[in-house]
2 protein chains.
Amino acid sequence: MSDLLERLRGRGWRMTSQRRVVAEVLDGDHVHLTADEVHARAAQRLPEISRATVYNTLGELVSLGEVIEVATDGRAKRYDPNAHHPHQHLVCSRCGTVRDVHPTGDPLADLPTAERFGFMVSQAEVTYRGLCPSCA
Amino acid sequence: MSDLLERLRGRGWRMTSQRRVVAEVLDGDHVHLTADEVHARAAQRLPEISRATVYNTLGELVSLGEVIEVATDGRAKRYDPNAHHPHQHLVCSRCGTVRDVHPTGDPLADLPTAERFGFMVSQAEVTYRGLCPSCA
DNA sequence: TTCTTGACTTAGACTCCGTCCATCGTAGGA
DNA sequence: TCCTACGATGGACGGAGTCTAAGTCAAGAA
Ligand SMILES: [Mn+2]
Ligand SMILES: [Mn+2]
Ligand SMILES: [Zn+2]
Ligand SMILES: [Zn+2]
């Protein structure tokens with residue numbers, strides 16, 4: 001993640017303290033924070049950072065492919081910096097905990113042409129649901 | 001779907017005109033309406049039906065397993081009466097159109113025990129994304 | 001049939017998540 | 001050092017969904 005800042009600079013980003021702090025908050029694996037959680041953690045280091053800036057920065061990171069947006073069912077989207085190792089998610093249906101998982105097999109290959117209805121299918125997203133050890 | 005009303009009566013539901021109309025609107029396969037679309041169609045037959053009642057009825061149908069809730073990424077949830085034939089969804093990333101699809105293979109079987117982290121995994125939901133013929 | 005009652009419906013206020021906008025500030029090149 | 005276009009700010013705004021208090025009515029009892 002330390003080289004994320006380098007990659008962004010290389011793409012012509014102005015390096016502001018706000019963007020630096022958001023990138024720092026997203027450091028690490030198995031991080032799946034909501035925008036407001038990112039904002040809260042960023043605000044510990046940079047108290048006056050605004051929600052709008054967090055949303056803007058997250059949106060930019062997503063469209064650069066540096067962060068993945070994970071939509072979880074009615075609640076706020078989560079932002080996942082683990083964008084360079086494709087994976088799927090296992091979600092606890094009770095408490096909402098999210099884990100990265102790596103299933104075998106390619107779900108895209110499991111969708112026959114006859115079942116594509118002329119769509120240009122580009123992505124298959126698998127969400128496993130169940131009860132986590134603490135909730136079971 | 002005609003026997004849906006029977007099943008509901010059997011479960012002790014009061015049969016109101018509002019519930020009847022919502023059930024009628026959801027009749028058919030490949031129906032994936034938002035709550036507001038359900039409300040609009042229901043209001044053609046029963047002009048004074050309220051949004052709250054539509055939400056209540058849809059929620060009840062979901063928890064009875066008669067309708068499936070399909071969360072599509074930031075937009076409004078869609079309600080799918082095709083609950084008794086398991087299937088997955090193909091979503092247009094541009095216009096949001098939803099199609100039912102039937103992939104081969106079982107994604108649950110593709111998740112090794114070592115990748116389950118002690119969860120009691122009970123469900124795998126696959127969302128295929130791409131551009132529909134009109135959007136491509 | 002009429003009565004009774006609690007389940008159901010309603011309108012609108014409210015919450016949550018996210019976007020937009022006008023204005024201000026500043027990173028970084030000249 | 002100065003300039004300016006890019007970025008930050010906060011507050012208004014919007015869509016989707018929930019909640020509540022008051023009114024209505026389905027359906028069983030008599
Ligand atoms: Mn992840
Ligand atoms: Mn469907
Ligand atoms: Zn849990
Ligand atoms: Zn489309």
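Basis for what follows: all heavy atoms, side chains included, without hydrogens, waters or symmetry-related copies.
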Flag the pair His89(B) / His32(B) as yes when their ring centroid distance falls below 6.0 Å, and as no otherwise.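 Yes; His32(B) has its ring centre under 6.0 Å from that of His89(B).
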Quick check on DNA chain D: between Gly74(B) and Asn56(B), whose nearest nucleotide comes earlier from the 5' end?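 In this pair, the answer is Gly74(B).
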N/O (side chain, Arg19(B)) to phosphate O (OP1/OP2, dC8(C)) under 4.0 Å: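 Yes.
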Between dT19(C) and Tyr55(A), is there an OP1 or OP2 to side-chain N/O distance shorter than 4.0 Å?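 For Tyr55(A), the contact criterion (side-chain N or O under 4.0 Å from OP1 or OP2 of dT19(C)) is not met.
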Does a salt bridge link Arg41(A) with Glu24(A), judged by any charged N lying under 4.0 Å from a carboxylate O?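 Salt bridge absent between Arg41(A) and Glu24(A).
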Is there a side-chain contact (heavy atoms from CB on, under 4.5 Å) between Thr72(B) and Arg75(B)? Walk through the geometry before answering. CA-CA 6 Å; Thr72(B) 61; Arg75(B) 309 186 196 214; 4.2 Å; yes
Does atom [atom1] of [X] have more than 12 heavy-atom neighbours, drawn from other residues, nucleotides or ligands, at distances under 6.0 Å?
X         : atom1 : value
Met120(B) : CE    : no
Arg129(B) : CZ    : yes
His85(A)  : NE2   : no

Between atom [atom1] in [X] and atom [atom2] in [N], what is the gap in whole Å?
X        : N       : atom1 : atom2 : result
Arg75(B) : dG18(C) : CZ    : P     : 15 Å
Arg20(B) : dC8(C)  : CZ    : P     : 14 Å
His39(A) : dC16(C) : NE2   : P     : 16 Å
Lys77(A) : dC17(C) : NZ    : P     : 13 Å
Glu48(B) : dC8(C)  : CD    : C1'   : 17 Å
Arg11(B) : dA7(C)  : CZ    : P     : 18 Å

Tell me yes or no: between the side chains of Asp80(B) and His87(B), is some donor less than 3.5 Å from an acceptor?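 A pair is found: one side chain offers a donor N or O, the other an acceptor, under 3.5 Å apart.
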Which part of the nucleic acid, if any, lies within reach of Ala52(A) when heavy atoms closer than 4.0 Å are counted: base, sugar-phosphate only, or nothing?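 Base contact - Ala52(A) has a heavy atom under 4.0 Å of at least one base atom.
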Taking for each residue the nucleotide of DNA chain C with the nearest heavy atom, is it Leu46(B) or Thr34(A) whose nucleotide lies nearer the 5' end?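 Mapping each residue to its closest nucleotide by heavy atoms, the 5'-most match is Leu46(B).
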Donor-acceptor contact present, side-chain Arg9(A) to main-chain Arg14(A), <3.5 Å: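 Pair absent, no side-chain N/O of Arg9(A) close to backbone of Arg14(A).
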Would you confirm whether Arg116(B), through its side chain, and Leu111(B), through its main-chain N or O, come within 3.5 Å as a donor-acceptor pair?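 Between the backbone of Leu111(B) and the side chain of Arg116(B) there is a qualifying donor-acceptor contact (under 3.5 Å).
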5' to 3' contact window, DNA chain D with chain B (heavy-atom distance under 4.0 Å):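 Taking any atom under 4.0 Å from a heavy atom of chain B, the span is dA16(D) to dA27(D).
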Between the protein and nucleotides 22-30 of chain C, which nitrogen or oxygen pairs are less than 3.5 angstrom apart?
residue, atom, partner, partner atom, Å
dG28(C), OP1, Met15(A), N, 2.8

